[in-house]
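Below, chains carry the letters A, B, ... as their sequence lines are ordered, and counting in each starts from 1.
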Amino acid sequence: MIPSRLPQERIKTVADNLPKPEELSQIDLSMPDTGWMDTPAIFRKGIYCHAARARDIEALGMPNPRDWRVEDDDWKLPHNWQDVIMDGLRERLEKFRSLRIFMDTCVRCGACADKCHFFIGSGDPKNMPVLRAELLRSVYRHNFTRAGKIMGKMVGARGLSETVLKEWWYYFFQCTECRRCSLFCPYGIDTAEITIIARELLNLLGLNIDWISSPVAKCHHVGNHIGMEPQAMKESIDFLCNDIEEITGIEIKPSFNRKGAEILFVTSSGDYYSEPGIFTCMGYLMLFHQLGLDYTWSTYAAEGGNFGYFTSHEAAKLLNAKIYAEAKRLGVKYILGGECGHMWRVLNQYMDTMNGPPDFLETPVSPVTGTRFENATSTKAVHICEFTADLIKKTKLKFDTKRNDHIKLTYHDSCNVARGMGMLEEPRYIIKKVCNNFYEMPEETIRERTFCCGSGAGLHAGEDMELRMRGGFARANAVRHVRDKHGVNMLACICAIDRAAFPTLMEYWAPEVGVTGIHELLANAMIMDGQKERTQDIRGEDLPNLEPEDKGANNV
Amino acid sequence: MIGIAYALIALIILILVPWVGIQGLGLTYLFGVIIPYAAMAIFFFGVLQRLLKWSRIPNPFKIPTTGGQQKSLNWIRQSKFDNPSSTGQVIGRVLSEVFLFRSLFRNLSPRVGTQGTSVTYASAKWLWIFAILFHYAMFTTVFRHLRFFTNPVPWPVGFVEGFDGWLEVGIPQVMISGLVLLCAVCLLLARRLVIPRLRYISLMNDFFPLFLLIAIATTGALMRYIVGINVPSVKELVMGLVSFRPVMIEGIGLLFYIHIFLVSTLLAYFPFSKLMHAGGIFFSPTRSMANDNRAVHHDNPWNYTVKFHTYDAFEEEFRDKMTEAGIPLDDTLSSSTGKD
Ligand code: HEM
Ligand code: SF4
Ligand code: SF4
């Protein structure tokens, strides 16, 4: 198996300064005595990430590349940094109606306040979406509204100082852009959008975090977030095929960069790089083989995820552009996308506008069922769960669901897919067809109201582990609830960041719950043509629920 | 919290100004004609200007917040109001926000258990109830005021009035909407004062409109039920205003001038404040756009091309490694990877 940084190792490296769950869950929800403008942000270790490095900022040609440290007083800003921010803000107020409306219309009703998982898990008032937004809005008032200019602090306006800038940095990198606040706001004010634009402003001064800018630089240059070179990527996927052969006896030889394939398959690099994502990836490989799908991987457009989106709209566009460019070069008909959350926010809500419309592609049609994906006629990208749900509905796949009987499953709706797309039923449909023991978490914590894993939007670093555990508290709490009530031992998700973040989160808050992707479950249960007797699951672990006679019956 | 003090001081000044102006200086024309006209003008042009400004700013991306199942495979039921995919459905969604405050209705509140390690969620509809009461009472009250502005009074106004006064207690009749309005505003204010985190986020800008509304509703109620004013004279004054032939009427009490001055303030304040939320909802991209991004191309008017890392540059760099790994290159025809 591929060497990978396992979550257990990661949690150990930070365990020193991470409080115990019992301590962390003592959340103080009382408000400070001083008003929020008079309460400076105190940078606490474990809450923030490392600073972006010069070489990564430079790699994208972004402003102010230099090495700097968060702990230093001097963040090495250009001398005219205030003008840079103000000009940047002015420009964006003219370019994004969203920003202007969100700056102008908040009534501070507080409906969003306790919706943020970071507020629930930390009690820090500036993690209330409304205050997070006020951090920027106060400066907007001061510089762009008459009342703010004249009356200043009295009406919630304040000038931009270095203290304010640092406060922005601290709190806009404590938002996972999950949009839960936006769902509950009477005007749909989306603090995620405000964070996206605020980070864009911070990036004008080179104030990114390392965990974002490094993947962006690698993705730009090498093709994926982890900087895995083409031969290594192929090797990695070939490894997975070896494992599949061991388990099923079926030899799979996927193609790479193959011109004339019908479909270009793109997924997050987490899927072919580390556990448990690789098991999901094995699921894709097995499914496509079983279908005899005419598809190809690409080592150039090797990344579906897009950390550029956590940097700026431009960086998002820059990385995303490769997908269409590659689809054109290879002459495929359409794009099939793997299980990833923010990848799908970008594919669903941005790709066509940023880099489309892709006239050289065709409306996606499933080669197996003939279903036309009418909802993707312009973007020409289909989510693999849509694709697979259609296959199952048309009974193109056969399952032996007993192979999943040792699993008691619950399902986490990834924020981006839930609130930036609305794909709620397709994954559930697949789950119910391949897994007999499925338990939903409390309804206030799933579907459109789902809670973030706490590590999205580029925050799943090691150094901000306390923030991640706090942010994931609400989600993990719901998992623990079904674990205790129904004996749930597996958490399914369709997001690569989830798969990277949940093992640690579960170990911390809800031990004994594993993490899986949906296509892993599917592949566990799927009956493949020419398979040998299946005694192991995709992870190479023995299947406990198979009676000897069942095992024999598996051969079709 | 100091915001409250500022807002109170502002309100007191706003009551004193017409008091001194009328009682002391006898400026009835200023307060009865000029200021209301000015306030109306500021309101209309201010709101118009703001709406025009908003509408001129583009929506570069289509970013609806989806609150339900998307439209995808035809056998999966789409959640048409919460995840609209057509203009009609979007209109439905926006109207449900405007008339029913649908998003507020979703409100839940997490309760962290005493052990600290469990969270449950309770529905929290108070804000929704207060807001609905307030807005509908406000609407009814404003609508009823049309009787001062129209001659003859159109039947819907009379109808609403009759409906509003169904309690039929006292003379003059008690109008429910005015009282509900007053109560609802007080409840909204109480909410702000009692809930610590709301107190923490509240600014003068949040208290001021509430105080103003309380004062307006109170002066209105005083005139109607306690002090009593000369309704025909008021109507004559107002009709003069709306027909642009202002007349000065003697014998209208001070209270009326305070009332109308506060209303003028509210009108003039409206376009420059958070009260513009009323218009904002129609422009909010997370609510007013369809989730049909993948089906219909959305154009960004300021889109521009970026210089992304091209395949050619990529191949140039990794040519040898790719050749060795058997990954096909653009400039050779050899392909040793399988087709699967
Ligand atoms: C269209 C949908 C609307 C929604 C969803 C909405 C929602 C709200 C909410 C939630 C509040 C409570 C704020 C608080 O906690 O204090 C509020 C306050 C208020 N709204 Fe609306 N509103 C809408 C339309 C309107 C309209 C059409 C008007 C008037 C012309 C209006 C005027 C006010 C006023 C005067 C206040 C009270 C002042 C304040 O709290 O600052 N609203 N609105
Ligand atoms: S719910 Fe919306 S209007 Fe209310 S405080 Fe939050 S962002 Fe402001
Ligand atoms: S987008 Fe999510 S993380 Fe950000 S403020 Fe809103 S609820 Fe919190």
Side-chain angles (χ1 to χ4, degrees), chain A residues 25-26 31 95 97-98 100-101 104-105 107-108 110-111 113-114 120 125 130-131 154-156 179 182-184 186-188 190 220 230-231 234 253-257 289 300 317-318 321-322 329 348-350 352-353 357 375-379 386 390 419 421-425 444 448 474 477, chain B residues 6 57 59 61 63 65-67 69-73 76 83 101 103-104 106-110 116-117 119 121 127 196-198 200-201 203-206 274 276-277 280-281 283-287 293-298 300 302 306 308-309 311 314 318 321-322 325 327-328 337-340:
Chain A
S25 56
Q26 300 303 313
M31 294 290 126
K95 275 183 164 177
R97 184 185 290 176
S98 54
R100 177 76 72 156
I101 295 283
D104 282 345
T105 50
V107 300
R108 281 161 303 282
D114 52 4
I120 295 174
V130 49
L131 266 198
M154 209 152 110
V155 292
R179 312 187 99 196
S182 154
L183 183 73
F184 292 92
Y187 322 113
D190 182 9
H220 177 64
Q231 76 286 359
K234 176 170 185 296
K253 274 197 161 312
S255 63
F256 294 84
N257 300 9
H289 178 86
Y300 165 67
K317 181 174 155 125
L318 203 65
K322 291 183 180 185
R329 185 183 75 88
N348 186 52
Q349 297 202 324
Y350 295 88
D352 196 61
T353 301
N375 62 331
T377 44
S378 182
T379 303
E386 297 168 342
D390 171 60
R419 287 182 289 262
M421 185 168 170
M423 193 174 69
L424 310 175
E425 294 304 336
E444 299 89 349
E448 73 280 0
N477 192 263
Chain B
Y6 287 137
I57 304 174
N59 267 322
F61 303 109
I63 51 164
T65 303
T66 57
Q69 172 60 36
Q70 67 169 351
K71 177 171 188 285
S72 64
L73 299 161
I76 293 180
N83 196 340
F101 296 6
S103 289
L104 266 191
R106 276 206 183 87
N107 206 4
L108 329 146
S109 176
T117 49
V119 192
Y121 303 88
L127 176 57
R197 61 168 181 272
L198 266 171
Y200 198 66
I201 61 175
L203 302 167
M204 174 192 179
N205 330 9
D206 303 311
K274 72 170 198 181
M276 278 305 291
H277 66 261
I281 176 81
F283 287 85
S284 180
T286 61
R287 293 290 185 273
N293 312 43
R294 273 191 289 155
V296 184
H297 175 74
H298 173 77
N300 172 2
W302 49 263
V306 288
F308 59 94
H309 194 67
Y311 175 79
F314 173 82
F318 294 109
K321 289 169 174 169
M322 284 167 71
I327 299 169
T337 51
K339 168 191 167 300
D340 204 280

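- Annotation: maximal heavy-atom pairing with chain A below 4.5 Å, among N83(B), L73(B), N300(B), occurs at L73(B).
- Heavy-atom distances place the side chain of F314(B), and not its backbone, under 4.5 Å from chain A.
- Interface residue V155(A): backbone and side-chain heavy atoms are both found under 4.5 Å from chain B.
- With a threshold of 4.5 angstrom between heavy atoms, K321(B) approaches chain A through its backbone and through its side chain.
- When the side chain to side chain donor-acceptor pair (under 3.5 Å) test is applied to N59(B), no partner is found at least two apart in sequence or on another chain.
- A donor-acceptor contact shorter than 3.5 Å is absent between the side chain of T286(B) and the backbone of T65(B).
- Residue contact with chain A, scored on non-hydrogen atoms closer than 4.5 Å, involves the side chain of I76(B) exclusively.
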Practice task
Check the pair I101(A), Y187(A) against side-chain contact (heavy atoms from CB on, under 4.5 Å), reporting the backbone distance first and the verdict last.
Solution key: CA-CA 9 Å; I101(A) 295 283; Y187(A) 322 113; over 6 Å; no

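- In terms of heavy-atom pairs under 4.5 Å with chain B, the best-connected choice from S98(A), S378(A), A474(A) is S378(A).
- Heavy atoms closer than 4.5 Å to chain B are found in the side chain of L131(A), but not in its backbone.
- Panel note: side chain T66(B), backbone M421(A); a donor-acceptor pair is recorded below 3.5 Å.
- Listed options A111(A), P230(A), G110(A) were ranked by heavy-atom pairs under 4.5 angstrom with chain B; first place goes to P230(A).
- In this structure the side chain of R287(B) reaches within 4.5 angstrom of the side chain of S182(A), judged on heavy atoms.
- Nearest heavy atom pair, residue I201(B) against residue V130(A), reads CD1-CG1, 3.9 Å.
- Side-chain N or O atoms of K322(A) include one that pairs as donor or acceptor with a backbone N or O of H220(A) at under 3.5 Å.
- In this structure, the portion of P125(A) lying under 4.5 Å from any heavy atom of chain B is its side chain and not its backbone.
- Atom-to-atom distance recorded for K253(A):NZ and H289(A):NE2 is 12.0 Å, nearest 0.5 angstrom.
- A 4.5 Å side-chain heavy-atom check between P285(B) and F61(B) finds every atom pair outside the cut-off.
- Side chain of Q69(B) to main chain of L424(A): a donor-acceptor pair is present (N/O by atom type, distance under 3.5 Å, no hydrogens or angles).
- Both the backbone and the side chain of R197(B) have a heavy atom closer than 4.5 Å to some heavy atom of chain A.
- With a threshold of 4.5 angstrom between heavy atoms, F318(B) approaches chain A through side-chain atoms but not through N, CA, C or O.
- Ranking R179(A), Q231(A), R100(A), E448(A) against chain B, the residue ahead of the rest is R179(A), based on heavy-atom pairs under 4.5 Å.
- With respect to chain B, the highest number of heavy-atom pairs below 4.5 Å among N375(A), T105(A), T379(A) belongs to N375(A).
- For chain B, the nearby parts of R419(A) are the backbone and the side chain; heavy atoms of each come within less than 4.5 Å.
- Counting heavy-atom pairs closer than 4.5 Å to chain B, the top-ranked of the candidates M423(A), E444(A), K317(A) is K317(A).
- Side chain of N107(B) to backbone of L104(B): no donor-acceptor contact under 3.5 angstrom is found.
- Only the side chain of M322(B) comes within contact range of chain A, with heavy atoms under 4.5 Å apart.
- Heavy-atom pairs under 4.5 Å with chain B peak, among D104(A), D190(A), D390(A), at D104(A).
- Only the side chain of Y6(B) comes within less than 4.5 Å of a heavy atom in chain A; its backbone stays farther off.
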